[in-house]
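Below is one structure, written out as structure tokens, with a few remarks after it.
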Amino acid sequence: MGGCHLIDVRTIAMILNQDHTTDDKKLEITRHSGAHVMAEAVQSIFPDAKFGIGPAIENGFYYDFGLPHPLTPDDLPLIETKMNEIIAANVPFASQEVTKEEARRLFASQPYKLELIDEIPDEKVSLYQQGSFVDLCRGPHVRSTGEIKAFKLVSIAGAYWRGDEHRLMLQRIYGVAFETKKALAEYLKRLEEAAKRDHRKLGKELDLFSIHDEAGPGLVHWHPKGAIIRRLIEDFWRDEHIKRGYDIVYTPHIAKLDLWKTSGHWEFYHDYLYSPMEVEGQEYIIKPMNCLGHILIYKTKVRSYRELPLRYAELGTVYRYERSGVLHGLSRVRGFTQDDAHIFCRFDQLEDEVVGVLDLARFMMNTFGFTNYQVLLATRPEKYAGSAEVWEEATEILGRALARLNINYNIDPGEGVFYGPKIDIKLENALGRAWQGPTIQVDFNLPQRFDVTYIGEDGKEHLVAMVHRTVLGSMERFVASLIEHYGGVFPVWLAPLQVMVIPVADRHLDYAYKLESQLRSKGVRVGVDARSERLNLKIRQAQLDKVPYMLVVGDKEVANSTISVRLRSEEQLPSQSLDDFKETVTMAIADKITDLK
RNA sequence: GCCUGAGUAGCUCAGUUGGUUAGAGCAGCUGUUUUGUAAACAGCAGGUCGCGGGUUCGAAUCCCCCCUCAGGCUCCA
């Protein structure tokens, strides 16, 4: 592909504009240039490579290659070495505009490039060249390869051409790149730190949950300590919902297939449902959602406009078939418990209801200390139920509700579910990946299909407005986020074990048990480390378990009826009476405080 | 589901040009130690090397199938 001479036009423009480009923009350009340098390196090592696309992404870049043989991690250092040579040679980037005809000739052996050329609407296309590598590219690029100061190739992955799973899979190499070596090192360090907070790792270390080959992938077993955390969240959740006018309900885990045919789930979500089982000649499925049960409860009598809104809430466990490659710890599983609720209301009540849900969602996020989340308003997709006008109106209502609470949000165009617009709140986990948390969805489909109505003031039947919503997402995913958010250092109210009493020697055991029973009677989760081990070991163990309070008791404490309090932050509190400590702990629990002072 | 890589004791990991009864630390058990703020000492026990097939005189090691996991892609009501 090499050997053509290009006139440097854009690079000059870039130099002229350089003062105006922001640092972010500059970094993005550098990353993009890094992708080109990587492509050149791959071309020189594998001359038969076919080139896909190679954009800048968050933290770095990637390039997709079609190669007749698989790349292995061993190839990365070779490619890196070659890239470093190219960078050391500091070769200039040059660009040129050519006609599509010329471009097609140039890329005659590059099927992916030809496809891209065909899709560009303009008559001319632009090319960028550095060294022997020419690429179809909009640019811009850095002036020369020497401006790429710090990069590292991090992984190889398969990626469908054009993101379409029905097309060929190319091999993608991911790289990270920063403006300086220091920034790169800091980034890699951050990744390492994030990996330590990974809920899968902490879940094992802190004995919170497990997933078993024997039982099946994506099926979570909550250990006692994990179950405590979950139960506390559930209790809090239930109490808060009751305060806010929800009714708690329970619905069965299986139901007749016909129900799911009526709802349209069988038709639309067939791939996510587990196969039917036959019971007395009838087909049943395990529920993938809770909404139908709530609708059946609603429909047990004729409803008056006076009793709306009705809010049915359920910690409902559902099962969905997720493709094996997507499972991920607690975050993506096959059986999970949604903190679900369905609100049945009049259309004119919709805005207030959405405001209520948003306020609740925000309250929950704040309580658990989540400050990093993104709010998206997803609008009408191409295929949709109901009329465009109703969609329009409902979307406006969602927007107004967000505005009333001064919540910043972005529009996610066309990303609504087919049955209605929705508000999604995405949380970021320790590795910077966004996970779906709270979601509020208006549904125009089910009320129609199940004829969910109320009698209005006018004595006539009207369809209800229906809202599906969760404020945590699912218990599994939420706990995963919590583990990573706190790095396993749970606030006192959620800590599986809140206090560990550590006697210095066996003769202090009686005193230790006395403290234990007094704290336990206050509802504190407390244990005594009664092993004949040295103090240091017991401290270490409690530290590793991230127990908020360690009460060390020895001769001094027994003699003075005091306790010595060590925090997991390694801070040492002054010697104090048990009564004082009881007050400290119970307040920390009641106020759900996150820091230990 | 697709691509690449991985799977050795409860946990973290050693162990390949294929070669005796597969190792270590931690955890567990037993004993000694009675300890003052992040690991006392000694001994014991613990493994069909993910499953199943194959190649070979001989397989943790090489090949094939399957399962699971990791990182991506696609998907996520």
Side-chain angles (χ1 to χ4, degrees), chain A residues 62 64 67 70-76 154-174 195 198 200-201 204-205 207 210-218 263-265 268-273 288-291 318 320-329 331-334 336 338 340 415-420 422 424 431 433 435-436 439 441 443 445-446 468 470 473-474 477 502-509 531-545 550-557 564-568 570-573:
Chain A
Y62 68 78
D64 289 343
L67 288 168
L71 289 169
T72 73
D74 295 336
D75 292 319
L76 292 185
V154 288
S155 62
I156 298 169
Y160 298 109
W161 169 236
R162 319 225 68 180
D164 183 344
E165 67 174 314
H166 301 295
R167 305 196 63 169
L168 225 69
M169 184 165 260
L170 304 180
Q171 301 188 67
R172 175 173 297 179
I173 302 178
Y174 282 96
D198 192 308
R200 293 165 300 181
K201 182 177 157 70
K204 194 183 279 181
E205 284 174 5
D207 195 15
S210 56
I211 295 170
H212 304 263
D213 281 11
E214 300 93 311
S263 68
H265 290 108
F268 288 102
Y269 303 117
H270 187 268
D271 290 346
Y272 292 93
L273 306 182
M289 327 185 84
N290 304 301
C291 41
V318 298
R320 301 177 187 176
Y321 168 71
E322 299 283 358
R323 294 157 99 189
S324 59
V326 307
L327 300 174
H328 182 97
S331 301
R332 191 80 183 270
V333 291
R334 285 182 172 160
F336 55 100
Q338 292 182 303
D340 212 354
E415 288 301 308
V417 201
F418 79 92
Y419 52 71
K422 63 172 178 175
D424 280 339
L431 298 156
R433 261 191 305 248
W435 289 104
Q436 173 71 58
T439 179
Q441 310 179 342
D443 190 332
N445 179 50
L446 290 180
H468 308 250
T470 72
S474 72
R477 187 172 287 180
I502 301 176
V504 173
D506 289 353
R507 63 179 176 279
H508 310 118
L509 269 172
R531 296 175 300 170
S532 298
E533 293 288 353
R534 296 170 64 171
L535 179 63
N536 280 346
L537 184 86
K538 298 184 199 176
I539 296 270
R540 175 180 154 81
Q541 206 90 68
Q543 282 290 151
L544 292 174
D545 290 343
M550 286 155 258
L551 305 189
V552 176
V553 292
D555 290 337
K556 271 183 291 186
E557 286 74 18
S564 164
V565 183
R566 177 191 163 113
L567 308 181
R568 61 189 161 181
E570 299 189 37
E571 190 181 341
Q572 187 70 41
L573 299 188

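Letters go in sequence order (proteins before strands), and every chain restarts at 1. The structure displayed is predicted, hence computed values, not measured ones.
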*How far does the P atom of rG7(B) sit from the matching atom of rA60(B), given to the nearest Å?*
15 Å
*May I ask you to evaluate whether His166(A) reaches the phosphate of rG1(B), defined as a side-chain N or O under 4.0 Å from OP1 or OP2?*
no
*is_close_aromatic(His468(A), Tyr419(A)), centroid dist under 6.0 Å*: yes
*Under the 3.5 angstrom rule, does the side chain of Arg566(A) hit a backbone N or O of Gln572(A) as a donor-acceptor pair?*
no
*asked:* Can you confirm if the aromatic rings of Tyr272(A) and Tyr321(A) lie within a centre distance of less than 6.0 Å?
replied: no
_Just to verify, what does Tyr269(A) make a ring pair (Phe, Tyr, Trp, His ring centres under 6.0 Å) with, not counting sequence neighbours?_
His265(A)
_Against the six-membered ring of Tyr62(A), is Arg172(A) placed for a cation-pi contact (under 6.0 Å from the centre, within 45° of the normal)?_
yes
_Spacing of Leu76(A) atom CG relative to rC3(B) atom P, expressed in whole Å_ = 19 Å
_Glu205(A): partners by salt bridge (Lys or Arg N to Asp or Glu O under 4.0 Å), with sequence neighbours left out_ = Lys201(A)
*asked:* Distance check, C1' atoms only: rU4(B) and rC76(B), in whole angstrom units.
replied: 23 Å
*C1' atom, rG10(B) versus rG53(B): distance in rounded Å?*
30 Å
*Go along nucleotides 32-48 of chain B 5' to 3' and tag each nucleotide: B for a protein heavy atom under 4.0 Å from its base, S when only backbone or sugar atoms are that close, - otherwise.*
-BBBBBBBB--------
*asked:* Output the rounded distance in Å from CG (Leu327(A)) to P (rG71(B)).
replied: 12 Å
*How far does the P atom of rA24(B) sit from the matching atom of rC64(B), given to the nearest Å?*
33 Å
_Qualifying residues under salt bridge (Lys or Arg N to Asp or Glu O under 4.0 Å), relative to Asp555(A), sequence neighbours excluded_ = Arg507(A)
*Can you tell me the distance, in whole Å, between the NE2 atom of His328(A) and the C1' atom of rU68(B)?*
16 Å
*Please identify each residue that fulfils side chain to side chain donor-acceptor pair (under 3.5 Å) with Asp340(A), with sequence neighbours left out.*
Asn290(A)
*For the pair made of OH in Tyr174(A) and P in rU4(B), what is the distance, rounded to whole Å?*
16 Å
*Considering only the P atoms, how many Å lie between rC49(B) and rC41(B), rounded to the nearest integer?*
33 Å
Would you tabulate the pairs of protein nitrogen or oxygen atoms and nucleotide nitrogen or oxygen atoms of nucleotides 5-16 of chain B closer than 3.5 angstrom?
{"from": "rU12(B)", "atom 1": "OP1", "to": "Lys204(A)", "atom 2": "NZ", "distance (Å)": "3.3"}

_Working to the nearest 0.5 angstrom, can you tell me the gap between His508(A) NE2 and Ile502(A) CD1?_
13.5 Å
*Determine the interatomic distance between C1' on rU37(B) and the same-named atom on rU20(B); round to the nearest Å.*
50 Å
*asked:* Taking ring pair (Phe, Tyr, Trp, His ring centres under 6.0 Å) as the definition, give me every residue that meets it alongside Phe336(A), ordered by chain and number, with sequence neighbours left out.
replied: none
*Only counting residues at least two apart or in another chain, list the ones meeting salt bridge (Lys or Arg N to Asp or Glu O under 4.0 Å) with Lys538(A).*
none
*asked:* What's the gap between rU21(B) and rU61(B) when it is taken at their P atoms, as a whole Å value?
replied: 16 Å
_Asp424(A): partners by salt bridge (Lys or Arg N to Asp or Glu O under 4.0 Å), with sequence neighbours left out_ = Lys422(A)
_rC63(B) and rA70(B), which share atom name P, separated by this distance in whole Å_ = 24 Å
*asked:* Counting only side-chain nitrogens and oxygens, does Ser324(A) get under 4.0 Å of the OP1 or OP2 atom of rG1(B)?
replied: yes
Contact list (N/O, under 3.5 angstrom) for nucleotides 74-77 of chain B vs protein:
{"from": "rU74(B)", "atom 1": "O2'", "to": "Glu165(A)", "atom 2": "OE2", "distance (Å)": "3.0"}
{"from": "rU74(B)", "atom 1": "O2", "to": "Arg323(A)", "atom 2": "NH1", "distance (Å)": "3.2"}
{"from": "rC75(B)", "atom 1": "O2'", "to": "Tyr272(A)", "atom 2": "OH", "distance (Å)": "2.3"}
{"from": "rC75(B)", "atom 1": "O2", "to": "Arg332(A)", "atom 2": "NH2", "distance (Å)": "2.8"}
{"from": "rC75(B)", "atom 1": "N3", "to": "Arg332(A)", "atom 2": "NH1", "distance (Å)": "3.2"}
{"from": "rC76(B)", "atom 1": "O4'", "to": "Arg332(A)", "atom 2": "NH2", "distance (Å)": "3.4"}
{"from": "rC76(B)", "atom 1": "O2", "to": "Arg332(A)", "atom 2": "NE", "distance (Å)": "3.3"}
{"from": "rC76(B)", "atom 1": "O2", "to": "Arg332(A)", "atom 2": "NH1", "distance (Å)": "3.0"}
{"from": "rA77(B)", "atom 1": "O3'", "to": "Gln441(A)", "atom 2": "OE1", "distance (Å)": "3.1"}
{"from": "rA77(B)", "atom 1": "O3'", "to": "Gln441(A)", "atom 2": "NE2", "distance (Å)": "2.8"}
{"from": "rA77(B)", "atom 1": "O2'", "to": "Tyr419(A)", "atom 2": "OH", "distance (Å)": "2.7"}

*Sequence-distant partners of His212(A), side chain to side chain donor-acceptor pair (under 3.5 Å), two or more places apart*: Ser210(A)
*Dot-bracket for RNA chain B, 5' to 3', counting Watson-Crick or G-U wobble pairs under 3.5 Å, with [ ] for crossing pairs and | for inter-strand pairs?*
(((((((..((((.....[...)))).(((((.......))))).....(.(((..]....))).))))))))....
*Heavy atoms only: give me the nearest Gln436(A)-Arg477(A) pair and the separation to one decimal.*
O-CD, 3.2 Å
